[in-house]
Amino acid sequence: HSTDPWREFDSSKVYMADLESALHYLLRVELATHNTLGGEELKTFKSVVTVIAKLYPGRASVQKVMENLLDWLVRLPLESIPYQAILDLVDDKMRISSLSLGAEVRWVGCQGSRPGLRGYPCSLWTLFHMLTVQYDASPKLLAGTGTEGDPAAVLNAMRGYIGTFFGCEQCGRHFEEMAAQSLDQVKTTEDAVIWLWSKHNQVNSRLAGSLSDDPVFPKSPWPSPALCPACHQEKEGVHTWNEEQVLAFLRQHYGAGNLSPRYLP
Ligand code: FAD
């Protein structure tokens with residue numbers, strides 16, 4: 001919102017407020033464009049709810065909302081579900097057990113310099129990076145979900161979500177192209193963390209200087225040398241990444257220990 005006060009933030013941190021805003025937006029805004037969920041859409045939605053319910057590293061109360069939603073989806077043998085029922089469930093669970101999932105967006109690390117920049121897409125990247133790192137740290141968390149043992153479980157859920165529900169259709173097509181090209185090369189959960197990082201950098205370089213690029217947060221290869229000096233190497237004047245260091249950095253940056261509760265409602 002344009003009247004929102006600017007929130008100072010530290011780009012070496014990840015903010016729970018951004019993650020919760022992502023979930024709010026996903027459940028209450030993006031999903032609302034579908035009257036009912038059935039068939040492949042329902043399957044895709046379930047797999048996204050599964051990885052979030054099992055791997056979400058933020059507030060336990062928020063994870064609980066997602067777990068309740070998952071229980072309900074799994075127990076309900078319906079071919080298709082009206083969106084309103086999902087919304088009722090999310091709202092109801094929040095009221096009854098005073099679980100919280102804020103009813104509005106509050107961007108912090110994902111603030112844009114103008115409305116319409118950053119926000120939701122930024123928070124989705126952040127959420128999925130966190131989920132790949134969380135899964136790599138504790139693969140057992142997906143036990144019993146039918147996806148255990150699949151190193152690309154989080155990426156497959158993300159691929160489905162981006163292709164089916166993400167409002168930016170062009171983004172969906174681009175992401176699908178990248179996934180179709182190389183997702184099958186992901187053999188370990190470490191590969192999955194690095195795959196998403198590397199694809200995100202491809203998107204960054206494609207979008208640098210484009211209309212969706214926030215001039216205050218210009219797109220560039222990430223992490224910057226300031227954020228992670230050891231990630232960068234130069235060989236005979238040519239820049240290369242030190243992937244071992246990048247992986248260590250991603251584990252730290254997107255690890256549960258780097259989550260900040262600042263600005264939560
Ligand atoms: P974002 O790119 O959204 O990044 C969010 C945060 O993640 C950054 O602030 C940084 O802290 C961190 N980060 C940055 N790079 C990396 C990395 N390589 N690895 C790990 N963390 C990183 N927009 C289009 O115009 N066209 C598209 O085709 C398009 N495709 C998209 C595909 C997907 C799957 C998603 C989620 C978004 C896509 N977008 C696309 C939106 C675009 O990528 C940005 O999300 C948006 O422009 C906002 O940019 P941002 O500056 O907030 O940084």
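Remember, it's 1-based here, ligands and their atoms both numbered in the order they're listed.
Scanning the protein heavy atoms around atom 5 (C) of ligand 1, the nearest turns out to be C122 SG, 3.4 Å. The nearest protein atom to atom 15 (N) of ligand 1, hydrogens excluded, is given as N204 ND2, 3.0 Å; this is a heavy-atom distance. If you check which protein heavy atom lies closest to atom 41 (C) of ligand 1, you get P121 CB, 3.8 Å. For atom 28 (O) of ligand 1, the nearest non-hydrogen atom of the protein is H174 ND1, 2.7 Å. The nearest heavy-atom contact from the protein to atom 40 (C) of ligand 1 is C171 SG, 3.1 Å. Among protein heavy atoms, the minimum distance from atom 26 (N) of ligand 1 is reached at Q170 NE2, 2.8 Å.
Considering backbone and side-chain atoms alike, R118 places an N or O below 3.5 Å from some N or O of ligand 1.
Considering each of H200, K13, K219, the one bringing a non-hydrogen atom nearest atom 49 (O) of ligand 1 is K219. Heavy-atom proximity to atom 18 (N) of ligand 1, evaluated over W197, W222, Y254, is greatest for W197. Compare F175, W125, W107 by their heavy atoms: the one nearest to atom 33 (C) of ligand 1 is in W125. If you check each of G163, P221, S212, G112 against atom 25 (O) of ligand 1, the one with the closest non-hydrogen atom is S212.
Listed here is the closest heavy atom pair of V48 and A157: CG2-O, 3.5 Å.
Looking at R106 and H24, their side chains never bring a donor and an acceptor atom within 3.5 Å of each other. Judged purely by distance below 3.5 Å, without hydrogens or angles, the side chains of D213 and S210 never pair a donor atom with an acceptor atom. Judged purely by distance below 3.5 Å, without hydrogens or angles, the side chains of Y254 and Q134 never pair a donor atom with an acceptor atom.
Here is the list of ligand 1 atoms found below 4.0 Å of a heavy atom in V203: 43 (O).
At a threshold of 4.5 Å between non-hydrogen side-chain atoms, the residues V90 and M66 do not count as touching.
Two rings, from W222 and H200, have their centers 6.0 Å or more apart.
Residue contacts with ligand 1 include L207, since one or more of its heavy atoms lies under 4.0 Å from the ligand. The shortest heavy-atom distance from K199 to ligand 1 is not under 4.0 Å.
The pair R173-E176 does not meet the salt-bridge criterion, since no charged nitrogen lies less than 4.0 angstrom from a carboxylate oxygen. We find that R251 and E190 are joined by a salt bridge, their nearest charged nitrogen and carboxylate oxygen being less than 4.0 Å apart. A salt bridge does not link R118 with D214: every distance from a Lys NZ or Arg NE/NH1/NH2 to an Asp or Glu carboxylate oxygen is 4.0 Å or more.
By the 6.0 Å contact criterion, NZ on K43 is open, its count of non-hydrogen atoms from other residues, nucleotides or ligands being 12 or less.
Residue I162 touches ligand 1 through its side chain alone, judged by heavy-atom distances below 4.0 Å.
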